[in-house]
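Each remark here refers to the structure printed beneath this line.
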Number of protein chains: 2
Amino acid sequence: MRTKLSEIAQLANVSIATASYVVNGKSEAKGISEATKRRVLEIARQQGYVPNRTARFLKKGRYHLIALMAPHISDFYAGLLQRIEQLAEARDYQIIFSSTFDSVEREATYLNSLIARRIDGLIILPVDIRAPHLKLLARNRVPTVFFRRRASSTAPQKFMTFNDFEVGRLAAAHLIERGCRRVAFLSAPIYVYHEYLKIIHEARAQGCCAALQEAGLPFDDSHVLLIERSDPNNNAEIADAVIDRRFDGIVSIADDIMVHVVGVLRERGVPLPEAVKAVGCNNTELAHYCVPSLSSVELPRAQLGEAMTEALFRMIDNEVQESDEVLLPPFVVERDSTALDPAALAKGP
Amino acid sequence: MRTKLSEIAQLANVSIATASYVVNGKSEAKGISEATKRRVLEIARQQGYVPNRTARFLKKGRYHLIALMAPHISDFYAGLLQRIEQLAEARDYQIIFSSTFDSVEREATYLNSLIARRIDGLIILPVDIRAPHLKLLARNRVPTVFFRRRASSTAPQKFMTFNDFEVGRLAAAHLIERGCRRVAFLSAPIYVYHEYLKIIHEARAQGCCAALQEAGLPFDDSHVLLIERSDPNNNAEIADAVIDRRFDGIVSIADDIMVHVVGVLRERGVPLPEAVKAVGCNNTELAHYCVPSLSSVELPRAQLGEAMTEALFRMIDNEVQESDEVLLPPFVVERDSTALDPAALAKGP
DNA sequence: CTGTTAGCGCTTTCAG
DNA sequence: CTGAAAGCGCTAACAG
C-alpha cells in the first residue's frame, strides 16, 4: 500500500512533525540536524513516498485547482486550455476542463461539482448570464474570469473579450489597402443560435462597414451575403453572386465558410487573389492549410490565455475584485488569398 | 465565509452526524425523522451549503479525478478529452489534462503532481516507455490506460492503439475499388521525430503495400513520395512527380500534406477526382472543409475515448489488471476526392 | 431516532 | 533540536 508520512516517521525514529518538516524542505528553518534529515529523506526515497497533497490542501484551504468551462473543445478552446494549463502548471496548479454544451443544466451540475471540490478559480463562458447557479460563485467567493459574456457577481471577477468591431474593421481595411473597391461581407445565420454570437457577428459587420465608409466605399445590406450551411447548393449561389456583382473582395465572419466559397470560385475559374481577394476571421488551422491559404484575422488566443491566467492568479492571491474589462486587440495574418504579387503564390503556405 | 457541516448542524440543533446523513440522502437508512430532515435541508439551502467533497474524498481514499497526459492538445486529443470528460462526468469524475510536449522531464514533474493529488486513474501516451518515473504508477497502483506506447507496469493497466496496418490497407483498397491502378504513397519524414510515429508510418505504408500487392498492382519504393515540409517548393515537386509518373491515386500518411499536394495538382489543371483520386489519414477537420473535400481514413476517436474510459473505470472499480491489448479498427470516410461520379461534386462537402 | 468519537493524511503551534 | 496534539471538513462505526 501507499506509504504515508507517519510510516516514514516511524521507520526513521522521529516524530511525524519532524518527518513533515524534512520532506517539505523546512528542516533548516526548524533546525533539524543533518543526520535526521538524511535518514528521513533516505527512508522516504526507498519507500517511494509521495505525499498526499490533497490532505495538505484540505488543511490549507487551497486546492491548487482551477477550472475552465466552455461550450465544447473547439480548436479555439483547445489552444486556450493548453496555454492556461502551461501557465498554471508553473504555479503547481492543475486545470479541469468542463464542456457545457450550451446547456444551463449541465453548467449548473458541473459548477456544483467544481465548487464542491473547492476549485480556487474559474474561467468561464457562461451559457446564460441570468442563470441562478452563477450566484454560487459569489456566495462561495470563487475568483472568476468571464469570457465573452459577463454575469454580475460580487465575487472577485474580471471580464475579457475580443474587440469584434476591430476584427471586422481590420479585415475590411486590409482588403482596401490591397486595392479592393467592392467588398462583400459573408455571414452565416446558422452560426447565430446563441445571443452572444449574434452580438459578435454584428460587431464584425459594423467594423467592416465602418472601414469601408471611412474609405468612401459603398457598403449596404446588399453587400451582405448569407450562407445557409444546411443547404449544400448555397456555396454555389454565393459564388455566382460574387461573380455577377463583380465583388473584388470578401470578408467572411469565419474561415470555414470562406474556404467553401473560395473553392467554388476557383472551380468557376475565378483567379484568387488576382480577381477576388478574401479574408476570413478567427485564423483557424484551416486558413493555414487550404489552397490558396487564407488571410485571416487572428484573435490573440495565447495572449488571452495569459491575460486570463494572470488575472485569475492575481485574484486567487489577493482575493481582490478586478472589475474592469479587458478587450484584446485582433490583428491580420496575411496569406496568399490577399497577396498583391501573384508570384508570392508559388511559395505555398 | 463558506458554511460547513458543523454550522448547519448547530443551526438545526442536531448533531453533525445527523446533518451529514441528511445532506447525503441517507436519512431513510438511518431513520431520521421527516421533521429534522426538512429542518436540516432548509437550513442548508438558506445557507447555500455546498459540501466540501475534497474532505469526503480524503476520508474515502477516492478522489474522483482522472488525468489525461498527451504530447499536446491537437485536434485529436481535444476530441478524446471531450469524450472522456463526458463519460467521466456521468460518474461524477473530473478530468485533468496535462501536456507533456514530448519531454520526459515535464512528464515526470506532472506525473508526480498528479500522483500526489491521488488521481484515481490515468490515460497516457508516454514520452519514453523506459522513463523511470513510470514505475511510480505501479508503486502507487494507479490504474493506467496506455495509448500508442505501452510501458511495462505491474499496476492495473491496459494498452490501446489503432490498427495502423489496416489504416494503410483500407486507404489503398478504397482507391483500388475506385479504379486506381497506379497508387503513390505520400509521406513526410519530418513527422517522424518520435519513434512511435515512425512505427505508425511504417505500419500504414505496409498496409498500403499489402493491399496493392493483393490486387496484383505494382508497389515499390519508387511509389513512395516524401514531402519535406520545411521546404515550400516541395509540394510542387511532388505534384510534378504525380503528373510525370501518371499516378492515378495517392494515399497520404496524413490529411494536411495531402491537401497541399491536391491544391497544387488542381493549379496544374489536373482534375480531381477524375484524373487522380486522393485519400488521406486521420480524418481531420481539414479533410472535411477543403475543396474538393478529402476522403480520409478515420481512426475511431469516439470509440477510443469510450473504450479507454470504460476500461479505466473497470480498473478503478475492481483494482484489476487488464493486461490485454485493444486494437481499434479504422474505416474510410468517403468524400469528393475519391468520388466515382463527378456529378457528386456539385453537392459540396 | 440521534449523538459521540475516531479517524482520512497532513500541517503547525506550542512545549519541552 | 524534537514531539504532542489540535484541527482542516467530512464519514461512519458504535453507543445509547
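Just so it is clear: chains get the letters A, B, ... in the order the sequence lines come, proteins before strands, and each one is counted from 1. What you see is a predicted model; the values in this text were computed from it and never measured.
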Expected string for nucleotides 9-16 of chain C under the B/S/- scheme (protein heavy atoms, under 4.0 Å, primed atoms plus P, OP1, OP2 as sugar-phosphate) is BSBBB---

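- Sorted by first then second residue, the salt bridge (charged side-chain N to carboxylate O under 4.0 Å, His left out) pairs that include residues 97-121 of chain B, not counting sequence neighbours, number zero.
- Every pair passing ring-ring contact (aromatic ring centres under 6.0 Å, His included) that includes a residue from residues 11-67 of chain B is listed here, sequence neighbours excluded: B/F57-B/H64, B/H64-B/Y93.
- Shown here are the side-chain hydrogen bond (donor to acceptor under 3.5 Å, both in side chains) partners of B/S152, two or more places apart in sequence or in another chain: there are none.
- Residues forming a salt bridge (charged side-chain N to carboxylate O under 4.0 Å, His left out) with B/E42 (at least two apart in sequence, or on another chain): B/R45.
- Every residue meeting the salt bridge (charged side-chain N to carboxylate O under 4.0 Å, His left out) condition with A/R149, not counting sequence neighbours, appears here in chain and number order: A/E195.
- Atom NZ of A/K37 and atom P of D/dT2 are 13 Å apart (whole Å).
- Sorted by first and then second residue, the pairs that involve residues 57-83 of chain B and meet salt bridge (charged side-chain N to carboxylate O under 4.0 Å, His left out), not counting sequence neighbours, are B/D75-B/R301, B/R83-B/E306.
- Among B/L68, B/I66, B/L137, B/L312, the single residue meeting the side-chain contact (heavy atoms from CB on, under 4.5 Å) criterion with B/L122 is B/L137.
- The interatomic distance linking B/Q10 (CD) with C/dT4 (C1') rounds to 16 Å, in whole Å.
- A/R150 meets the salt bridge (charged side-chain N to carboxylate O under 4.0 Å, His left out) test with A/E325; sequence neighbours excluded.
- The side chain of A/T36 places an N or O atom within less than 4.0 Å of a non-bridging phosphate oxygen (OP1 or OP2) of D/dT2.
- End-to-end axis angle of the helix from C/dC1-D/dG16 to C/dG16-D/dC1, using five pairs per end and rounding to 10°, comes to 50°.
- For B/E322, the salt bridge (charged side-chain N to carboxylate O under 4.0 Å, His left out) test picks out B/K158, B/R314, with sequence neighbours left out.
- Within residues 89-96 of chain A, no residue is approached by DNA chain D to less than 4.0 Å at the level of any non-hydrogen atom.
- For residues 109-133 of chain A, there are no ring-ring contact (aromatic ring centres under 6.0 Å, His included) pairs, not counting sequence neighbours.
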